[in-house]
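Everything on this sheet refers to the single structure shown next.
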There are 2 protein chains.
Amino acid sequence: MLEIVRQDAEETPSGADRVFTFFRDRLLSGDLKAGDRLLGERELALALGVSRPVLREALRSLAMLGLLDIRHGRGAYVRSADASVLGQALTLCLAPEPNILDDVLQARIAIECQAIRLACMRAGERDLQTIAVLLDTLVDSLDDPERGGSADYDFHVALVRASGSQALMKIYEAISPLLMQSHVERRRDTFREPAITSGLVEAHRQVFLALAQRDPDEAERRLRAHFAIGDDLRRKNLISTYQASTQQTRGKTS
Amino acid sequence: MLEIVRQDAEETPSGADRVFTFFRDRLLSGDLKAGDRLLGERELALALGVSRPVLREALRSLAMLGLLDIRHGRGAYVRSADASVLGQALTLCLAPEPNILDDVLQARIAIECQAIRLACMRAGERDLQTIAVLLDTLVDSLDDPERGGSADYDFHVALVRASGSQALMKIYEAISPLLMQSHVERRRDTFREPAITSGLVEAHRQVFLALAQRDPDEAERRLRAHFAIGDDLRRKNLISTYQASTQQTRGKTS
DNA sequence: GTCTGTCCGTGGTCTGACCAGTTTAGGCAG
DNA sequence: CTGCCTAAACTGGTCAGACCACGGACAGAC
């Protein structure tokens with residue numbers, strides 16, 4: 001059957017907005033797939049009945065949202081959905097709030113705890129193998145804060161990915177940039193103490209073990225214990241910082 | 001051969017992008033607060049050294065991201081961060097994925113379970129009172145799918161809010177529109193059966209009780225049980241649908 | 001055959017004008 | 001003097017046409 005799309009005159013849909021929603025809906029419905037190339041700006045403007053500046057405003061907005069990849073001299077291409085935009089949006093939303101770092105950490109715990117429960121039920125053998133490899137990497141890179149932090153992050157990402165939930169994964173990716181902010185420096189301050197790092201590895205191993213045994217409750221408990229340790233560490237670090245124990249002057253007491 | 005010194009020493013920051021990031025950073029740093037009014041387009045264009053179309057592209061992009069509220073004849077005003085953009089972005093990101101509804105439900109469970117744990121520790125008396133009131137509302141609106149669904153939603157939102165975590169709250173708001181899609185119809189199909197609805201209320205009550213007693217583990221367990229019931233319901237509904245039990249033909253078996 | 005330079009199509013920008021809502025200030029009537 | 005009503009001066013919204021800058025493709029020279 002033939003459906004005539006009528007862009008009826010609502011209340012001031014305002015040209016650029018019309019074009020914007022036009023393309024957004026095309027993207028949502030799947031008419032436009034990632035990699036598709038759009039027509040030239042002049043042709044599009046003509047086809048949609050708007051001037052080029054207006055068309056450009058809409059296109060630019062779509063590009064800002066990460067939906068389009070506009071390249072000078074090449075053209076505009078549809079880009080696959082990207083979580084980075086999500087992250088930016090989240091950052092903007094949380095910008096005015098204080099104590100965002102701790103808050104985002106709570107979101108992280110939320111996602112991971114649910115993810116590992118799902119993973120216990122749905123993770124495949126390859127998922128477990130991947131995580132096991134990352135666990136080894138974690139052990140191998142204990143003395144390197146850079147690589148160690150990266151391995152740590154990869155481990156947790158693999159955990160979330162093993163849940164098989166795209167929604168959890170996307171949200172996790174979205175909060176990752178916020179997470180990074182505090183993660184690296186925190187690790188930089190603690191990696192030197194062997195008791196801590198070895199405990200860290202042990203915590204990861206226990207989480208993995210519970211996952212491999214497909215025990216959701218146990219896995220979540222281990223994971224929460226792992227986070228609790230980090231929380232303790234952070235608290236102690238805070239205390240020692242404010243106690244003016246100037247013996248370790250490497251950190252900035254900002 | 002006069003060599004004219006060009007001011008753009010960078011690598012194609014591309015006018016509109018410069019303006020965009022300029023304002024975005026101002027918003028992030030707090031230089032621009034919600035409610036502030038921007039200068040006129042002509043003045044801004046002059047001040048930033050770009051033409052009006054370029055300035056407009058940037059402004060329009062910011063408006064699309066929900067950061068600005070541009071009104072014809074009035075001017076451009078800074079808008080407080082809104083979770084609706086987050087929701088849109090998430091929708092866009094998850095659009096190409098199948099089974100988004102179930103996935104988003106997993107995210108919801110993740111957020112709520114962590115939220116209630118935090119709530120057990122941080123909820124104030126007024127938070128508990130609010131939730132108690134909503135619980136009563138829930139009881140009072142058992143026979144109305146519209147009001148009942150709304151009360152249900154409000155109850156869970158209050159739960160998350162009681163966690164005191166803005167990050168959890170924002171993410172919850174972001175996934176809410178996705179949640180709504182499946183929530184209303186699901187409830188419409190089940191509200192008639194008294195056993196279910198009464199069980200539903202009981203589940204909510206138990207969650208609240210555990211929260212009031214500040215017992216994180218118990219609260220999470222109750223909450224998970226509550227979700228598990230919904231899951232069971234959905235599964236049974238699915239089964240009965242595919243068993244061609246045509247006695248209830250209101251639902252489309254798309 | 002490869003390299004290179006020119007050409008063409010693309011997005012990027014500018015200018016200047018005009019249209020359309022919104023506010024406001026001034027003038028006119030009471 | 002007070003009140004309303006109109007018109008001017010904002011504001012953003014749109015348009016047209018032109019030109020610049022970048023990238024790739026083709027054709028010519030080596």
Side-chain angles (χ1 to χ4, degrees), chain A residues 7-24 26-27 32 34-79, chain B residues 1-24 26-27 32 34-79:
Chain A
Q7 29 192 351
D8 51 17
E10 299 283 324
E11 281 302 330
T12 331
S14 181
D17 284 325
R18 280 205 335 264
V19 179
F20 178 83
T21 54
F22 172 81
F23 280 109
R24 194 201 51 188
R26 286 299 157 99
L27 288 164
L32 287 174
D36 287 357
R37 185 181 177 284
L38 265 54
L39 272 56
E41 293 187 350
R42 295 161 181 83
E43 305 162 65
L44 273 180
L46 192 62
L48 298 177
V50 295
S51 68
R52 198 153 86 97
V54 171
L55 188 272
R56 274 183 59 78
E57 286 177 20
L59 252 45
R60 175 70 67 166
S61 296
L62 290 162
M64 291 297 179
L65 277 170
L67 301 174
L68 286 184
D69 190 10
I70 304 178
R71 272 172 297 184
H72 197 160
R74 302 279 306 277
Y77 296 81
V78 177
R79 195 155 67 173
Chain B
M1 302 61 172
L2 288 177
E3 289 191 9
I4 301 173
V5 178
R6 298 212 159 271
Q7 55 187 3
D8 52 348
E10 303 293 326
E11 281 297 334
T12 329
S14 183
D17 283 326
R18 280 204 335 264
V19 179
F20 178 83
T21 54
F22 172 80
F23 280 108
R24 194 201 50 188
R26 286 300 159 99
L27 288 165
L32 288 173
D36 286 357
R37 185 181 176 283
L38 265 55
L39 272 55
E41 293 187 351
R42 294 163 181 83
E43 305 163 65
L44 273 181
L46 191 62
L48 298 177
V50 296
S51 67
R52 199 153 85 95
V54 171
L55 188 271
R56 274 183 60 78
E57 286 176 20
L59 252 45
R60 175 70 66 166
S61 297
L62 290 162
M64 291 296 181
L65 277 170
L67 300 175
L68 286 185
D69 189 11
I70 304 178
R71 273 172 296 184
H72 195 161
R74 303 278 305 277
Y77 296 82
V78 177
R79 197 156 64 172

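Order of the sequence lines fixes the chain letters, A, B, ..., with proteins taken first and strands second; residue numbering starts at 1 for each chain.
- In this structure, CZ of B/Arg52 is placed 16 Å from P of D/dA16, rounded to the nearest angstrom.
- Looking at residues two or more places apart in sequence or on another chain, you find no side chain to side chain donor-acceptor pair (under 3.5 Å) involving A/Arg79.
- For A/His72, counting side-chain heavy atoms from C-beta on, the closest listed nucleotide (D/dA16, C/dG11, D/dG12) is C/dG11.
- Rounding to whole angstrom units, CG of residue B/Leu44 and C1' of D/dC10 are separated by 15 Å.
- Note on B/Arg71: only backbone sugar-phosphate atoms sit closer than 4.0 angstrom, heavy atoms only; bases stay farther off.
- In terms of modelled atom types and a separation under 3.5 Å, the side chain of A/Arg37 and the main chain of A/Arg74 share a donor-acceptor contact.
- Atom CG of B/Leu62 is separated from atom CZ of B/Phe20 by 5.0 Å, given to the nearest 0.5 angstrom.
- Computed from coordinates, the A/Arg18 CZ to D/dG13 P distance equals 14 Å when rounded to whole Å.
- Positionally, the nearest nucleotide of DNA chain D for A/Val50 lies more toward the 5' end than for the other of A/Arg74 and A/Val50.
- Near DNA chain D, meaning a heavy atom under 4.0 Å from it, residues 34-41 of chain B has B/Arg37, B/Leu39, B/Gly40, B/Glu41 in order of number.
- Closest heavy-atom contact between B/Leu59 and B/Ile70: O-CD1, 3.8 Å.
- Side-chain contact between A/Met64 and B/Asp17: present, with at least one pair of heavy atoms (C-beta onward) separated by less than 4.5 Å.
- Looking only at side-chain heavy atoms (C-beta outward), A/Tyr77 and A/Asp36 stay at 4.5 Å or farther from each other.
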Check: protein-nucleotides 5-9 of chain D nitrogen or oxygen pairs below 3.5 Å:
none

Please list, one pair per line, the donor and acceptor atoms closer than 3.5 Å that link side chains of residues 50-57 of chain A to other protein atoms, with sequence neighbours excluded.
unit_1  : atom_1 : unit_2  : atom_2 : d
A/Arg52 : NH1    : A/Glu41 : OE1    : 2.7
A/Arg56 : NE     : B/Glu57 : OE2    : 2.9
A/Arg56 : NH1    : A/Glu41 : OE1    : 3.4
A/Arg56 : NH1    : A/Glu41 : OE2    : 2.9
A/Arg56 : NH2    : B/Glu57 : OE1    : 3.3
A/Arg56 : NH2    : B/Glu57 : OE2    : 3.3
A/Glu57 : OE1    : B/Arg56 : NH2    : 3.3
A/Glu57 : OE1    : B/Arg60 : NE     : 3.3
A/Glu57 : OE2    : B/Arg56 : NE     : 2.9
A/Glu57 : OE2    : B/Arg56 : NH2    : 3.3

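- When distances are taken from the side chain of B/Arg42 to each of D/dA18, D/dC15, C/dC18, the shortest belongs to C/dC18.
- B/Ala16 and B/Ala58 make their closest contact through O-CB, 3.6 Å (heavy atoms, listed as atom of the first residue, atom of the second, distance).
- Side chains of B/Leu38 and B/Phe23 form a contact here, defined as non-hydrogen atoms less than 4.5 Å apart.
- Annotation: proximity of residues 54-68 of chain A to DNA chain D (heavy atom, distance under 4.0 Å) is found for A/Val54, numbered in ascending order.
- In this structure, A/Ser61 OG and B/Leu65 CG are separated by 8.0 Å, a value rounded to the nearest 0.5 Å.
- A salt bridge (Lys or Arg N to Asp or Glu O under 4.0 Å) check over residues 61-70 of chain A, counting only residues at least two apart or in different chains, returns the pairs A/Asp69-A/Arg71.
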